[in-house]
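Since the structure comes first, as structure tokens, the remarks are kept for the end.
When a ligand or atom number is given, it counts from 1 through the structure's own listing order. What you see is a predicted model, and the numbers here were worked out from it, not measured in a lab. All values below come from the heavy atoms of this structure, side chains included, with hydrogens, waters and symmetry mates left out.
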Amino acid sequence: MTDDLPNLQWFPGHMKKTERLIQENLKLVDLVIEIVDARIPYSSRNPMFNEMFAEKTRLTVFTKPDLANPKETERWLEYFRADINPAVAVDAAHGTGIKNLIALAKNLTQEKTHKLVKHGAKPRAARAMVVGIPNVGKSSLINKLAGVNHTKTENRPGVTRAKQWIKIDDGLQLLDTPGILYPKFEDQEVAVKLAWTYAISDEIYDIEPIVCKLLETLAEKNPAGLRERFKLTEPLSNDGHELLSVIGKKRGCIRSGGVLDVDRAAKMILTEFREGKIGRITLDELN
Ligand code: G4P
């Protein structure tokens with residue numbers, strides 16, 4: 001088994017700044033929409049979330065449900081709804097679930113906007129912002145929500161851009177820029193899942209041990225998917241290095257002299273996993 005995983009640490013310098021920006025924007029919104037990756041609903045949830053948004057109405061969107069095990073997604077959604085806050089799954093790449101999300105967002109904010117009017121304020125649409133860790137689908141979701149109503153904003157250097165609100169419909173507006181939160185690093189198991197799903201950039205770690213660990217996990221959790229994708233007929237090894245070698249050679253990732261091109265094989269496997277080609281799999285387990 002792979003026991004040579006690198007120690008993944010990643011604290012980007014700009015995080016304090018983005019946190020400040022989120023705090024500023026928070027004052028303007030009635031609803032915070034936090035995005036998590038349906039494959040890792042626990043590992044992709046920012047640890048600051050409860051504290052940062054304690055005063056706000058909150059809603060969690062599970063993106064990439066098309067890449068996750070549908071039964072597991074249902075179980076995770078139930079768990080969030082019972083223990084955390086309302087939650088809904090949306091395929092942000094294709095738009096499935098968008099209508100549900102809009103209905104839920106309006107439902108959750110209705111009471112507050114009605115109350116404001118009762119206290120003498122002018123009626124206005126509820127305002128929401130999207131937050132989440134990198135690469136989880138924030139921009140895709142904003143674009144899908146924006147649909148045809150989205151107006152492109154100016155992006156000239158030196159010009160401070162005013163806050164842009166996207167009109168979703170008469171009852172709901174969305175801030176056009178998402179809040180980027182850093183991923184959690186409370187343990188290496190979480191960090192490795194963030195690397196597999198690309199929430200952590202490939203540039204900051206050695207890809208080989210990470211992919212070996214992925215192959216071991218797939219061999220355990222989804223052996224049929226692994227076999228089918230890579231046409232593996234022999235009994236599956238539980239050693240990631242061995243699996244990497246067999247799969248790499250099968251796919252022709254060979255250097256001159258017949259040596260395995262480890263980097264090419266590892267990248268190919270990671271790409272196919274991220275595209276869902278090795279099957280729909282949920283990596284966080286709910287007990
Ligand atoms: P971010 O703003 O949170 O950083 O994430 P972004 O929307 O850029 O999405 C990151 C990648 O995830 C994109 O793929 C996007 O298409 C994909 N994605 C987002 N939501 C979903 C989803 O629900 N299902 C699936 N299957 N994919 C999703 P990319 O390859 O980086 O870019 P692109 O070429 O697809 O645009």
Quick check on [X]: does its [atom1] atom have over 12 non-hydrogen neighbours (other residues, nucleotides or ligands) under 6.0 Å away?
| X | atom1 | value |
| --- | --- | --- |
| Glu275 | CD | yes |
| Lys267 | NZ | no |
| Glu189 | CD | no |

Could you see which bit of Asp66 sits under 4.0 Å from ligand 1, with heavy atoms only: side chain, backbone, both or neither?
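It is the side chain that gets close, since no backbone atom is under 4.0 Å.
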Check whether any protein heavy atom sits under 4.0 Å from [atom].
| atom | answer |
| --- | --- |
| atom 9 (O) of ligand 1 | yes |
| atom 14 (O) of ligand 1 | no |
| atom 36 (O) of ligand 1 | no |
| atom 27 (N) of ligand 1 | yes |
| atom 20 (N) of ligand 1 | yes |
| atom 33 (P) of ligand 1 | no |

Which option, Ala92, Ser140, Gly95, Pro134, owns the non-hydrogen atom nearest atom 7 (O) of ligand 1?
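Comparing heavy atoms across Ala92, Ser140, Gly95, Pro134, the nearest one to atom 7 (O) of ligand 1 lies in Ser140.
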How many angstroms lie between CG in Asp66 and OG1 in Thr73, if you round to the nearest 0.5 Å?
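Nearest 0.5 Å value for the CG-OG1 distance: 9.5 Å.
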Pro65, any N or O under 3.5 Å of ligand 1 N or O
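No; the residue has no nitrogen or oxygen that sits under 3.5 Å from a nitrogen or oxygen of the ligand.
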Would you say Val136 and ligand 1 have an N/O pair spaced under 3.5 Å apart?
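Yes: some nitrogen or oxygen of Val136 is under 3.5 Å from one in ligand 1.
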Using a distance-only test with no angle check, is there a side-chain donor-acceptor pair under 3.5 angstrom linking Arg127 and Asn25?
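Judged by distance alone, the side chains do not pair up.
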Report yes or no: do Asp30 and Thr57 form a side-chain donor-acceptor pair below 3.5 Å?
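Checked: Asp30/Thr57 side chains show no N/O donor-acceptor pair below 3.5 Å.
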Name the closest protein heavy atom to [atom], giving the residue it belongs to and the distance to 0.1 Å.
| atom | answer |
| --- | --- |
| atom 4 (O) of ligand 1 | Asn135 N, 2.9 Å |
| atom 18 (N) of ligand 1 | Lys64 CE, 3.8 Å |
| atom 5 (O) of ligand 1 | Gly137 N, 3.1 Å |

Check step by step if salt bridge (charged side-chain N to carboxylate O under 4.0 Å, His left out) holds for Lys71 and Glu74.
CA-CA 5 Å; Lys71 280 199 185 118; Glu74 268 320 306; over 6 Å; no
Let me have the donor-acceptor pairs involving side chains of residues 94-104, under 3.5 Å, with sequence neighbours excluded, atom names and distances please.
residue: His94; atom: ND1; partner: Asp91; partner atom: OD1; Å: 3.1
residue: His94; atom: ND1; partner: Asp91; partner atom: OD2; Å: 2.8

Which ligand 1 atoms are under 4.0 Å away from a heavy-atom of Ala93?
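Answer for ligand 1: 20 (N), 21 (C), 22 (C), 23 (O), 24 (N), 25 (C), 27 (N), 28 (C).
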State the atoms of ligand 1, each with its element, that fall below the 4.0 Å cut-off from a heavy-atom position in Asp91.
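Numbered from 1, ligand 1 contributes 22 (C), 23 (O), 24 (N).
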Those residues that, when tested against Arg251, pass side chain to side chain donor-acceptor pair (under 3.5 Å) (two or more places apart)
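Residues passing side chain to side chain donor-acceptor pair (under 3.5 Å) with Arg251: Glu272.
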Looking at every non-hydrogen atom in both residues, tell me the closest pair between Ile142 and Asp176 and how far apart they are.
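Taking Ile142 first and Asp176 second, the nearest heavy atoms are CD1-O, 3.8 Å.
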